[in-house]
Q: 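Here it is: the structure, laid out below.
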Amino acid sequence: MSERDDEEREFDLRWADGAERKEPSARARMLAARWKENPPGPVPFRADPEHVGRSGRRSSWVSTAVVLGCVAAVIVLLGYADFRAPY
């Protein structure tokens with residue numbers, strides 16, 4: 001093979017852009033066939049929560065109190081450790 005043959009075989013972007021799309025995957029073909037007979041219903045972006053009440057969640061003030069309590073405990077612990085440190 002000569003260099004001229006290599007130049008003719010060089011990849012051409014216009015040729016690649018004009019190429020046919022690749023074949024869809026097996027899953028895509030299966031879903032397309034299934035949905036042709038029985039299309040899926042509309043689905044909301046986010047599903048409604050199952051538990052609307054507050055039985056499983058803490059309220060915001062309880063979470064705030066827990067965080068502030070932990071911060072206060074760390075401050076007291078560090079102060080106690082500094083107080084007990086020998087000089």
Q: Hydrophobic side-chain clustering at under 4.5 Å (ILVMFWY, transitive links): who's grouped with L68? Put none if nobody.
A: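 Reading the cluster by chain and number, L68 sits alone, since nothing else belongs.
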
Q: Which ILVMFWY residues can you reach from L78 by hopping between side chains whose heavy atoms are under 4.5 Å apart?
A: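 The other cluster members (ILVMFWY side chains, heavy atoms under 4.5 Å, direct or chained) are V74.
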
Q: Starting from M30 and following side-chain heavy-atom contacts under 4.5 Å between hydrophobic residues (I, L, V, M, F, W, Y), which residues can be reached?
A: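 Joined to M30, directly or through intermediates: L31, W35.
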
Q: Could I get the full list of side chain to side chain contact (heavy atoms under 4.5 Å, CB included) partners for A26, not counting sequence neighbours?
A: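 Listed in chain order: R29.
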
Q: If a pair satisfies salt bridge (charged side-chain N to carboxylate O under 4.0 Å, His left out) and one of its residues is in residues 34-45, list it, with sequence neighbours excluded.
A: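 Listed by first then second residue: nothing to list.
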
